[in-house]
Amino acid sequence: MKSVKVSLSMAENVKKFVAVVSKYPYDIDLHSGRFVIDAKSLLGIFSLDLSKPIVLEIHSDKCDDLIAELDSFIVK
């Protein structure tokens, strides 16, 4: 399992993010405070506070291709 912080501050970014993560078969979650939602859920993401970075938790150890695709969203 890997975790990174992502920033999804604009609605257009959320749509692109969901399009990318939906291509992968393993479970991917977003954590914001005590809330955990499925990262493949557009409505779920919009229910979070998007004004600050969110923790992305990928339930796979072989996810380097996903991390590379999400590079523009990752907070460094």
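Small disclaimer: the values here were computed from a predicted structure and weren't measured.
In this structure the side chain of L66 reaches within 4.5 angstrom of the side chain of Y26, judged on heavy atoms. Side chains of L8 and K16 form no contact here, defined as non-hydrogen atoms less than 4.5 Å apart. Counting heavy atoms from C-beta on, the side chains of V21 and L70 come closer than 4.5 Å. In this structure the side chain of V4 never reaches within 4.5 angstrom of the side chain of F73, judged on heavy atoms.
Rounding to the nearest 0.5 Å gives a distance of 15.5 Å between CE of M10 and CZ of F17. For the atom pair CG (D27) and CE (M1), the distance works out to 11.0 Å, reported to the nearest 0.5 Å. Between atom CD of residue E57 and atom CD1 of residue I28 there is a gap of 11.0 Å, rounded to the nearest 0.5 Å. Atoms NZ and NZ, on K23 and K40 in that order, are 12.0 Å from each other to the nearest 0.5 Å. Here the OH atom belonging to Y24 is positioned 10.5 Å from the OG atom belonging to S60, to the nearest 0.5 angstrom. The CG atom of L56 sits 12.5 Å away from the NZ atom of K5 when rounded to the nearest 0.5 Å.
Hydrophobic clustering keeps V75 apart from V6 (ILVMFWY residues linked when any side-chain heavy atoms are closer than 4.5 Å, directly or through intermediates).
With K2 contributing its side chain and D64 its backbone, the two residues share no donor-acceptor pair below 3.5 Å. The backbone N or O of D29 sits nowhere less than 3.5 Å from a side-chain atom of D38 that would complete a donor-acceptor pair. Side-chain atoms of S22 never come within 3.5 Å of backbone atoms of A19 as a donor-acceptor pair (strictly under, hydrogens ignored).
Atom NZ of K62 sits in a sparse spot, with 12 or fewer heavy atoms from other residues, nucleotides or ligands closer than 6.0 Å.
Among V36, V55, L48, the single residue meeting the side-chain contact (heavy atoms from CB on, under 4.5 Å) criterion with L30 is L48.
The two residues V18 and A39 make their nearest non-hydrogen contact at CG2-O, 3.9 Å.
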